[in-house]
Protein chains: 2
Amino acid sequence: MKKDKHAVLSILRDKILSGALQQGDRLAEIPTAELLGVSRTPVRIAFRALEQEGLLTKLPRRGYQVRQITNDEIAGSVEVRGVLEGLAVRQIVEKDLAPGLTDTLRHCLQAGDELFAERSFNEAKVQAYVEINRQFHDCLVKGSQNNAIAMALQINEHLPMASVNALVFNPEQTEREYERLYYAHQQHHAIVQAITAGQGARAEALMKEHAQAALNSYEQLSASGVSKTIRSE
Amino acid sequence: MKKDKHAVLSILRDKILSGALQQGDRLAEIPTAELLGVSRTPVRIAFRALEQEGLLTKLPRRGYQVRQITNDEIAGSVEVRGVLEGLAVRQIVEKDLAPGLTDTLRHCLQAGDELFAERSFNEAKVQAYVEINRQFHDCLVKGSQNNAIAMALQINEHLPMASVNALVFNPEQTEREYERLYYAHQQHHAIVQAITAGQGARAEALMKEHAQAALNSYEQLSASGVSKTIRSE
DNA sequence: ATTGTTAACATTGGATCCAATTTGAAGGTG
DNA sequence: CACCTTCAAATTGGATCCAATGTTAACAAT
């Protein structure tokens with residue numbers, strides 16, 4: 001049983017995000033190490049990393065605890081993502097465009113257009129869109145040439161529901177979901193248009209609104225209870 | 001020789017920030033452990049934490065390296081801090097004011113007023129102002145009731161010069177330094193005024209500008225070469 | 001002289017062992 | 001009966017040991 005370098009960290013993170021470890025569950029080093037079949041050392045390192053990511057909180061002498069993630073906190077994370085990605089696109093406009101950025105953006109737009117060409121959606125296509133969406137946001141952040149933005153986003157990206165890599169999806173209303181994601185994709189078009197036109201403030205505002213829109217749909221869906229989470233990677 | 005919990009992490013961080021470890025220096029676990037008189041385990045944990053903070057980069061099989069922090073990166077960090085703290089003050093206005101927040105803010109303003117009462121500045125007073133400044137920014141971030149902001153800022157706070165906890169100071173021009181810091185303090189007044197008046201957008205804009213102003217003075221001072229860094233804690 | 005192979009070295013990753021500290025309970029005492 | 005004391009169990013933090021792997025240098029062969 002060969003373990004990868006970051007296997008312990010990834011396994012624990014997935015267990016938390018997938019709900020295998022419920023919010024509030026206490027985690028001690030020794031039981032976790034035995035559960036995963038490894039020693040305490042990688043578990044300790046993983047616990048500290050997960051604490052840094054905000055998924056675990058440290059209880060003084062009683063181990064770690066899976067952190068409560070409230071809806072308010074998700075809303076806050078989305079807001080943070082909005083301003084940071086907004087800053088990214090503004091700085092893209094303010095600086096010289098990184099080479100290849102417009103190509104990647106155009107590619108994302110076109111791939112999305114093809115996906116939305118026929119007016120129907122299933123889970124596989126949502127999965128594909130999540131990947132396109134991830135690439136779109138990723139290249140904007142990288143394109144800002146401001147590494148601090150990526151670093152600040154890094155923590156939020158690990159939080160469930162606040163990340164670009166996670167989309168909620170209601171399998172019972174594919175029609176409506178098509179509309180929702182198509183609207184998001186149209187926002188992508190508008191953002192690229194603003195960037196290429198040198199409209200930094202408009203691009204920034206669109207980006208903030210784009211994040212907010214994702215939040216609104218999350219709130220609607222999570223309230224209905226029939227949502228399904230689709231994550232990339 | 002009793003070592004604190006986070007002593008190793010703090011010592012290494014200080015060595016990097018103070019310049020005792022030059023940019024580009026390579027760090028291996030064993031020599032570092034011997035240097036600090038501890039075992040490899042805490043050093044390993046500290047290295048990973050410092051990597052997460054962006055102060056070290058991992059070289060595949062050749063240990064860690066003190067990361068190059070360019071001026072562009074500092075500028076980027078300051079920009080990030082601006083939008084995040086701007087978001088914080090906007091959300092303070094949008095939400096119900098946290099109890100005690102206005103008291104703390106007023107206290108910071110008053111303490112600063114007293115510090116600036118006589119038109120002279122020395123290093124001790126700068127130190128005092130750094131602490132007031134830290135408290136001011138800290139309670140705004142906390143007052144936003146959005147933990148994601150604090151988490152996103154956390155990484156940037158460890159970068160030299162991008163943090164509120166670090167101020168550059170030119171000891172040869174105390175007159176001018178008085179003016180500079182007094183200007184920053186007046187911005188604090190304006191921010192509090194905007195918050196209490198419910199002017200969210202104005203507060204946000206002021207906060208962004210406030211961060212930017214600190215950057216401008218840093219660029220001037222670091223170019224002159226006679227600056228001195230004063231950090232809190 | 002250059003290049004390929006091999007062996008020693010350096011370095012990290014994981015496992016286990018030891019120490020310190022706190023929690024919790026149980027028992028004794030006022 | 002309540003409260004204080006003390007001891008044991010649990011748990012984390014640090015140290016050392018072992019394994020795996022990559023890097024470098026030396027040496028030999030062409």
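Here is the naming used below: chain letters follow the sequence lines, and residue numbers restart at 1 for every chain. Every value quoted in this text rests on a predicted model; they were computed, and no experiment measured them.
- Judged by atom type and distance alone, A:Arg44 reaches the base of D:dG14 through a side-chain donor-acceptor pair under 3.5 Å.
- A:Arg48 comes within 4.0 angstrom of the backbone, heavy atoms only, and of no base.
- Across the interface with DNA chain D, nearest-nucleotide mapping of B:Arg40 and A:Tyr64 shows A:Tyr64 to be the residue nearer the 5′ end.
- Between A:Arg61 atom CZ and C:dG24 atom P there is a gap of 13 Å when expressed in whole angstrom units.
- Under a cut-off of 6.0 angstrom, the local environment of CG in A:Asp103 is crowded, with over 12 non-hydrogen atoms contributed by other residues, nucleotides or ligands.
- Taking 4.0 angstrom as the limit, A:Ser39 places none of its side-chain polar atoms (N or O) nearer than this to OP1 or OP2 of C:dG14.
- Between the P atom of D:dT11 and the CD atom of A:Gln65 lies a distance of 14 Å, rounded to the nearest Å.
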>> Between B:Leu84 and A:Leu84, does the side-chain contact (heavy atoms from CB on, under 4.5 Å) criterion hold? Intermediate values first, please.
In response: CA-CA 8 Å; B:Leu84 288 174; A:Leu84 287 175; 4.1 Å; yes
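- Other residues, nucleotides and ligands contribute more than 12 heavy atoms inside 6.0 Å of the NZ atom of A:Lys125.
- The phosphate of C:dG13 has OP1 or OP2 within less than 4.0 Å of a side-chain N or O from B:Lys58.
- The distance from atom CZ of A:Arg62 to atom P of D:dG13 is 15 Å, rounded to the nearest whole Å.
- Out of C:dG13, C:dG14, D:dT24, the shortest distance to the side chain of A:Pro42 is found at C:dG14.
- The nearest whole Å value for the distance from the CZ atom in B:Arg26 to the C1' atom in C:dT12 is 13 Å.
- Separating the CD1 atom of B:Ile30 from the P atom of D:dC17 is a distance of 12 Å, rounded to the nearest angstrom.
- With salt bridges taken as basic N to acidic carboxylate O contacts below 4.0 Å, none links B:Arg48 and B:Glu51.
- Residue B:Leu36 contributes atom CG, which lies 15 Å from atom C1' of D:dA15 at whole-angstrom precision.
- Remark: C1' of C:dA10 and CG of B:Leu59 are 14 Å apart, rounded to the nearest angstrom.
- Note: CD (B:Glu29) to C1' (C:dC9) measures 16 Å, nearest angstrom.
- Residue A:Leu159 is tested with A:Ile74, A:Leu55, A:Leu17 for a side-chain contact (heavy atoms from CB on, under 4.5 Å); the sole match is A:Leu55.
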